[in-house]
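So that the names make sense, note that chain A is the first sequence line, chain B the second, and so on, each numbered from 1. Quick caveat: nothing in here was measured; it's all calculated off a predicted structure.
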Number of protein chains: 2
Amino acid sequence: MTGSGNISTGTSTPPDRGPATSIWEVARAAGVSHQTVSRVINGKPHVKAETRALVLATIEELRFTPNRAAQALAGGPVRSVTVLTADTAAYGYASALRGIEEAARTVGFTVGISVLEPDAVLGAQEVIERLSGGRAAIVIAFEAAGTRALAALPPDYPVVGVVERPAAGHASDGRPQVWIDDREAASRATRHLLGLGHRSVHYLSIPSSTQVLSQRTQGWQDALTAAGRPVPPLRSAGWTPRSGYLAARELVADREVTAILAGNDDLALGVLRAAREAGRDVPGNLSVIGFDDAPQSAYLAPALTSVRLDFEGLGRAGFGLLHNLVDPQSAPVPSTWAEPELILRESSGPAPR
Amino acid sequence: MTGSGNISTGTSTPPDRGPATSIWEVARAAGVSHQTVSRVINGKPHVKAETRALVLATIEELRFTPNRAAQALAGGPVRSVTVLTADTAAYGYASALRGIEEAARTVGFTVGISVLEPDAVLGAQEVIERLSGGRAAIVIAFEAAGTRALAALPPDYPVVGVVERPAAGHASDGRPQVWIDDREAASRATRHLLGLGHRSVHYLSIPSSTQVLSQRTQGWQDALTAAGRPVPPLRSAGWTPRSGYLAARELVADREVTAILAGNDDLALGVLRAAREAGRDVPGNLSVIGFDDAPQSAYLAPALTSVRLDFEGLGRAGFGLLHNLVDPQSAPVPSTWAEPELILRESSGPAPR
DNA sequence: CACGTGACAGGGAGCGGTAACATCAGTACC
DNA sequence: GGTACTGATGTTACCGCTCCCTGTCACGTG
């Protein structure tokens, strides 16, 4: 079943590294010293305006680009960040990565990426190798592998965690992190369902990043408890539609279950299918709400009610925080990203009477 | 509507770059010269077995990791690759990236990433800046921005294109590339629909990476022509469910249209919704087939018939090709990845009579 | 008019590696 | 036994850049 696709090797050219222009050439061309060129590149003071302009023009003309390796080696400012993340295909991860990359690119940072296998238990040594010389990192720690990687890093290494929730109780270890406060959002979604007349709401969770309950889970419990309803047992699933489907089959078979909150939209999709197969009508006699509001969700059948989460903004803020960390000169983080919002669509409705 | 989420700055530690262990320290500890250490690191000959073992042990003990920047600066072998890609959230891109990253990581390569904005028209200069010192690159060029970036790179720069189709006719410019041969797959999907009794098949395409027709489009035309059917006008859409939905509304309103082949699964999802809204029954009186076979597709309502494409394998092969390019010593590319396969599900069926 | 002062500019030493060349055995050969 | 060769090491010169430190100039000041 293999052997398809195609390859064209092209005219194999050896990695010919020509005489890349260096600051020396720029200096010579501009009639100044290499040091002055360096000052101009780094926007340092003590360079006369006209000299600066001249150098800048020369750089432009020679199409000179500073050698990153040399800058890093010579102890220049940090200008790169390595992102440690789990599967980049999942919507939340991909979006956060996108936000990080965008923010990094606009300030001239290079972004490296290394994916953490779900079951990887890396020692400090291995995690550092993943960073491969990077001098700063961002760890997207929505699940255990990320949390472990974050913990494995030396305490003085510049890193910020993009996490599911702050490691409260666990003595937040003083590491900078950003997170979406979705506890209230989960509560709101739950209350919305309760308000629709459902006697209870069942929660199908995504894997937890720690041993304790996630914010979403807590928000769900909060709402249930506040309404005086018993909290049904927590159901755990993975990240994929398949996993949601498998976990939901049992749930949908129980007619007492009329409302399901799923940890993310993919899970919700699986729930939707399980419901269909079990002859349940959504939203007729079963309501389903997801988290993330992926681009697909509005087009599903039925269109999925979902909690919109601004992962991209989260990623941007995470990078901003890191930037502040490695360069105190940098602009303060725009600590503002869209707050979770419940997007009502077709998959949720009044409880069956 | 902003201001949610949360930030913890932690105990702000300045970017303290301690005295990283260098090969000199290893050399001293092992009682050899730094050059011998270098030889060991790079697996070069002319080192006695016991000396090698000693150095290796010392490296292990000191937790030494070679400084990438220094290696790069000193003209060592290429050990990093920059991936230029469009939106990482789209399934095909994300999967290909995943394949590249995985293959790169297993051979110790670092992978950088830079995303190309859809409308970005970058000059050679800008593209090179994106590479930021990298000495090798992979461009995922499924659309125009990627194709342009690929073209903008200097002809002698080590780069491989992961493309939609070879730039045939356009004098393939002798650059190494990998692609999935999905022309036949598109043909097969079309023939399948024709075989089900549909008088014609309409194609809703994703954006093209060039001005000419894509392989998928051609495969679709091939099958239609071979069957003696007229080729309906080509419909173009974007990449998202929304774009598929918008483009399909007109199509589904036409009762003559009984089979739609969509350029990817997201588009197909949009088509499905448009069909539902138009009162068309899938597969009752409209069949829909997508491309990609994303993880969600099997769970949609109706489950989507789709052409499974092995983007991950493609990415792996692309990296392998690059590896061969920069390091002739490297193992030859496993030129084998899964061939496109039509996965029959619920969204396709006999033509309405 | 000599001197301090600050803004500019240049020189030189690394950063941590690799490549090329120089040494120095130990072995092979005539 | 002397020369040639070969494998194992050490020595030296960069790679391209940034830091630290030393000059140089034009002012202002006493």
Q: Could you tell me whether B/P45 contacts a base, only the sugar-phosphate backbone, or nothing, with contacts defined as non-hydrogen atoms closer than 4.0 Å?
A: nothing

Q: Does any pair with a residue in residues 25-71 of chain A pass ring pair (Phe, Tyr, Trp, His ring centres under 6.0 Å), and if so which ones, sequence neighbours excluded?
A: A/W24-A/H34

Q: Between the side-chain atoms of B/H34 and the base atoms of D/dT12, is any donor-acceptor pair under 3.5 Å?
A: yes

Q: Would you mind reading off the distance between A/R39 atom CZ and D/dC19 atom C1', rounded to a whole angstrom?
A: 10 Å

Q: To the nearest Å, give me how far apart NE2 (B/H46) and P (D/dT6) are.
A: 11 Å

Q: Of the nucleotides C/dG16, D/dT18, D/dG10, which has the atom closest to the A/I23 side chain?
A: D/dT18

Q: Measure CZ/B/R135 against P/D/dG16 and give the value in whole Å, please.
A: 11 Å

Q: Suppose we call a contact any N or O donor and acceptor under 3.5 Å apart; does that hold for the side chain of B/R68 and the base of C/dG17?
A: no

Q: What is the distance, rounded to the nearest whole Å, between atom NZ of B/K48 and atom P of D/dG10?
A: 10 Å

Q: Take the protein atom NZ of B/K44 and the nucleotide atom P of C/dT18, then report the distance between them rounded to whole Å.
A: 8 Å

Q: With respect to the side chain of B/T36, which nucleotide from D/dG10, D/dG16, D/dC19 is positioned closest?
A: D/dG10

Q: Send over the distance from A/L73 CG to C/dT18 P, rounded to a whole Å.
A: 12 Å

Q: Both B/Q71 and A/W24 contact DNA chain C. Taking the nearest nucleotide for each, which residue is further toward the 5' end?
A: A/W24

Q: Roughly, in whole Å, what's the span from CZ in B/R52 to P in D/dG7?
A: 14 Å

